[in-house]
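Written out below as structure tokens is the structure these notes cover.
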Amino acid sequence: MIIDTHCHLDNSKYYEDIDKVIQNALDHGVKGFLIPGADFNDLPQSIKLAEKYDSVYFAVGIHPYDIDSYDEKVLEEYINHPKCIAVGECGLDYFRLPEDEEEKKANVAKQKEVFISQIEFAKKVKKPLIVHIREASDDSRQILIDYNAKEVGGVLHCYNASEHLLPLADHEFYFGIGGVLTFKNAKKLVSVLPKIPKDKLIIETDAPYLTPHPHRGERNEPYFTVFVADKMAELLNISRDEIEELTTTNAKKLFKEFSSIS
């Protein structure tokens, strides 16, 4: 059994065949799904799926690219839904910063402000965080430590292989491993994977993005977590069954609502 801890099933790319996508995953042993909250506009679709399927849960939050639409009142509106189990996808992303220095400083400051606000909100409601980090490892680590995110813990979604983030394992953070691990150019992640404590590894897809080999170029979907599990088993020199048991146990520790799935 595998739990896909990060899949954007609310994305428009699934509107026509979402039931088939979920059933295909279930048929291949993927028994749990978590839809991260990246854009408030997608929440109605997340809720619709979570209410239809026992195995689907969702989170509420704002991605760093959408900070201008951040409103804590929206978080408060959805966080008490019985299927809402986390806060995020929140974090820092310095990949697309403005070229103008003043605009860049303002954007970074706003990203930090919104990230910190979501950390504080997660602590208030006692829900784990889903954290997005891209080219911002130093600032992200510092903020998570300074604002005592350890109180609720969370996952470093699409873990970027920065060794600087490994100490966050001691702050109740898990490491989301997805299709990038199967890429030919993923040498850094391949070398860092064995350094992650095994009790902090979880599996994700980021579907419909970051499709693993051998399906590169296709739309990603939760079923493809099996290829991530195979690659993890190969690199860690343990069986696929052990990977499934390990990552599922870890996902249930972090997101306790998944404990009801078997």
Side-chain angles (χ1 to χ4, degrees), residues 5-11 34-47 50 57-97 105-160 162 165 167-169 171-176 200 202 204 206 209 251 254-257:
T5 58
H6 196 111
C7 46
H8 297 272
L9 298 180
D10 54 356
N11 189 281
L34 177 52
I35 304 173
D39 183 336
F40 290 154
N41 293 323
D42 295 327
L43 282 168
Q45 179 70 355
S46 300
I47 292 168
Y57 294 84
F58 74 99
V60 62
I62 276 288
H63 187 286
Y65 288 168
D66 294 299
I67 51 175
D68 288 339
S69 62
Y70 179 68
D71 183 349
E72 191 171 311
K73 288 177 184 171
V74 179
L75 271 61
E76 289 170 349
E77 182 182 343
Y78 290 98
I79 197 67
N80 291 319
H81 188 288
K83 300 297 288 286
C84 185
I85 64 173
V87 175
E89 165 180 2
C90 58
L92 301 177
D93 191 318
Y94 295 169
F95 182 65
R96 294 183 189 169
L97 290 176
K105 279 183 190 171
N107 183 273
V108 167
K110 182 78 178 285
Q111 283 197 45
K112 288 180 178 179
E113 177 190 328
V114 172
F115 183 27
I116 291 164
S117 177
Q118 290 178 90
I119 292 171
E120 296 291 10
F121 180 78
K123 285 159 57 181
K124 183 172 75 176
V125 298
K126 298 179 170 52
K127 304 268 189 188
L129 289 152
I130 299 172
V131 180
H132 171 106
I133 301 172
R134 191 173 189 190
E135 296 190 8
S137 292
D138 290 354
D139 284 353
S140 300
R141 181 181 114 161
Q142 202 58 50
I143 285 172
L144 288 168
I145 292 172
D146 287 351
Y147 287 85
N148 202 27
K150 183 178 184 177
E151 274 185 36
V152 291
V155 54
L156 305 182
H157 149 59
C158 194
Y159 172 55
N160 62 15
S162 167
L165 296 173
L168 289 173
H171 291 259
E172 302 306 323
F173 276 86
Y174 292 71
F175 297 75
K200 289 292 188 287
I202 56 177
E204 61 174 52
D206 201 22
Y209 315 108
L254 177 58
F255 303 112
K256 295 176 176 52
E257 291 82 357

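Residue numbers run from 1 in the order of the sequence given.
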Straight-line distance of [X] [atom1] to [Y] [atom2], nearest 0.5 Å:
| X | Y | atom1 | atom2 | value |
| --- | --- | --- | --- | --- |
| F115 | L129 | CZ | CG | 7.0 Å |
| L144 | N148 | CG | CG | 10.5 Å |
| D138 | S162 | CG | OG | 7.0 Å |
| N11 | Q45 | CG | CD | 9.5 Å |
| S69 | N41 | OG | CG | 7.0 Å |
| F175 | L156 | CZ | CG | 5.0 Å |

Which atom pair, heavy atoms only, marks the closest approach of [X] to [Y]?
| X | Y | answer |
| --- | --- | --- |
| I35 | S46 | CG2-OG, 3.6 Å |
| A122 | V152 | O-CG1, 3.6 Å |
| V155 | G176 | CG2-N, 3.6 Å |
| L34 | A59 | CD1-N, 4.1 Å |
| G154 | P128 | CA-CB, 4.2 Å |

Task: Audit row: Q111, N107, side-chain hydrogen bond (donor to acceptor under 3.5 Å, both in side chains) steps and yes/no - done: CA-CA 6 Å; Q111 283 197 45; N107 183 273; 2.8 Å; yes
Open item on the list: Once you measure the plane-to-plane angle for H8 and H6, does it fall in the parallel (<30°), tilted (30-60°) or perpendicular (>60°) bin?
Closed with: perpendicular
Check whether any side-chain heavy atom of [X] sits under 4.5 Å from a side-chain heavy atom of [Y], and report yes or no.
| X | Y | result |
| --- | --- | --- |
| P36 | H157 | no |
| I143 | L92 | yes |
| E204 | C158 | yes |
| N160 | E135 | no |
| Y174 | F255 | no |
| K127 | F121 | no |

[X] side chain to [Y] backbone, donor-acceptor under 3.5 Å:
| X | Y | result |
| --- | --- | --- |
| K123 | Y147 | yes |
| Q118 | V87 | no |
| K200 | L168 | no |

TODO: I would like to know whether F58 and D10 meet side-chain contact (heavy atoms from CB on, under 4.5 Å); could you show each step before the answer?
DONE: CA-CA 10 Å; F58 74 99; D10 54 356; over 6 Å; no
Task: Full working for side-chain contact (heavy atoms from CB on, under 4.5 Å) between Y57 and T5 - done: CA-CA 9 Å; Y57 294 84; T5 58; over 6 Å; no
Open item on the list: Show, in sequence, the C-alpha distance, side-chain angles and deciding distance for Y65 and R134, and conclude whether the side-chain contact (heavy atoms from CB on, under 4.5 Å) test is met.
Closed with: CA-CA 11 Å; Y65 288 168; R134 191 173 189 190; 3.8 Å; yes
Open item on the list: Taking the ring centre of each residue, are F173 and H171 less than 6.0 Å apart?
Closed with: no
